[in-house]
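Keep in mind that the numbers below use all heavy atoms, side chains included, and drop hydrogens, waters and symmetry copies. Keep in mind it's a predicted model, so treat the numbers as computed, not measured.
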Amino acid sequence: MQSSFYSFTPKVQITRVLGIIKMSLSENMTRTLWRAADAVCFDVDSTVCQDEAIDELAKFAGKEKEVAEMTQIAMRGGMSFRDALAQRLELIRPTGAMLQEYLRSHPPHLTAGIKELISILHNRQIPVYLVSGGFHAVIEPVAEELSIPMKNVFANRIKFYFDGTYAGFDETQPTSNQDGKAQVVNYLKQTYGYERLVMVGDGATDLAACPPAEGFIGFGGNQVRESVKKEAAWFVTSFYELIEELNRN
């Protein structure tokens, strides 16, 4: 038994060392790509902003518990991203007036360092995009505060009837799909010819956008998704880490 143990242990150690080396090389490559990026896409909820907009909107509407339960079902793979979005919105049933009041009373809670980071990217003439499974109306004040053009915002749109009552959401928006962020990245690359596009986000849909993005940076400054942390070649918990890397140029 003793000899088999010692013959097995080096193999395990070698495998672990090789895994560490591979991850280190991948991280270094992602850092290099980040410094040379010709476009950057940011997720919004729990990345650019500290909170999840649909949870905050549910809380505002008094449907926090019901929406949280639906979110858990979706996270366990019980339904598609689009079905989960539809059912959560059906629970909230936001009106135009409710959404306006929510926006008035809930200014953006930006994550520390994001303003400085985007300012640096803008100064270097690097296009910045907000790509979110959240809602365009909620993200517009975020984009305005960060001086990001509205044409660079890709998100879902809530629809209302003429009297302001809830009428569903625009299912033609790519971000209503599980692979919507990947679709947006592919569109941007084909339209503008980006060759070193980097996606930054905290969730599985952000991770799934690489490829077609050339690089992905996992963000855990607000929420740490263990699957994302495990799969991301470079995982950060602060935007100041990204600023520091850019300043190496």
- Could you grab the distance from atom CD of Gln50 to atom CG of Asn222, nearest 0.5 Å is fine? 5.5 Å

- Check whether the side chains of Ser176 and Glu171 place a donor and an acceptor atom closer than 3.5 Å, and report yes or no. no

- Item | Rounded distance [0.5 Å steps], CD in Glu145 versus CD1 in Ile118 | 10.5 Å

- Is Leu146 reachable from Val40 through a run of hydrophobic residues whose side-chain heavy atoms are each under 4.5 Å from the next? yes

- Within-4.5 Å side-chain heavy-atom neighbours: Val198 and Cys41: no

- Under a 4.5 Å side-chain heavy-atom rule over Ile, Leu, Val, Met, Phe, Trp and Tyr, are Ile148 and Val200 clustered together? yes

- Message: Any side-chain to backbone donor/acceptor pair from Asn156 onto Gly133? Under 3.5 Å, distance only.
- Response: yes

- Task: Give the cluster check for Ile243 versus Leu33: same hydrophobic cluster or not, with ILVMFWY residues linked at side-chain heavy-atom distances below 4.5 Å.
- Result: yes

- Item | All pairs passing side chain to side chain donor-acceptor pair (under 3.5 Å) where residues 146-155 contributes a residue, at least two apart | none

- If you measure only the distance, is there a donor-acceptor pair under 3.5 Å linking the side chains of Gln87 and Asp83? no

- Just wondering, more than 12 heavy atoms not from Glu144 lying within 6.0 Å of its CD? no

- Item | Polar side chain donor-acceptor pair, Tyr240 to Glu116, under 3.5 angstrom | yes

- Glu244 with Arg248: basic N within carboxylate O range, under 4.0 Å: no

- Thr111 side chain vs Thr47 backbone, donor-acceptor pair below 3.5 Å: yes

- Query: If you measure from CG on Leu85 to CZ on Phe135, what distance do you get to the nearest 0.5 Å?
  - Reply: 5.5 Å

- Just say parallel, tilted or perpendicular for the rings of His106 and Phe60, cut-offs at 30° and 60°. perpendicular

- Main-chain N/O of Ser119 paired with Asn123 side-chain donor or acceptor, under 3.5 Å: yes

- Taking atom NE2 of His136 and atom CZ of Arg157, what is their separation to the nearest 0.5 Å? 4.0 Å

- Determine, for Asp170 against Lys159, whether the closest basic-nitrogen to carboxylate-oxygen distance falls under 4.0 angstrom. no

- Message: Please check this pair: side chain of Thr165 against backbone of Tyr161, looking for a donor-acceptor N/O pair closer than 3.5 Å.
- Response: no

- Message: Are the side chains of Phe219 and Leu242 in contact, using a 4.5 Å heavy-atom criterion?
- Response: no

- Check for a donor-acceptor pair, side chain of Lys189 on one end and backbone N or O of Pro212 on the other, with a separation under 3.5 Å. yes

- Message: Donor-acceptor pair, distance only, cut-off 3.5 Å: does the side chain of Trp234 make one with the backbone of Arg31?
- Response: no

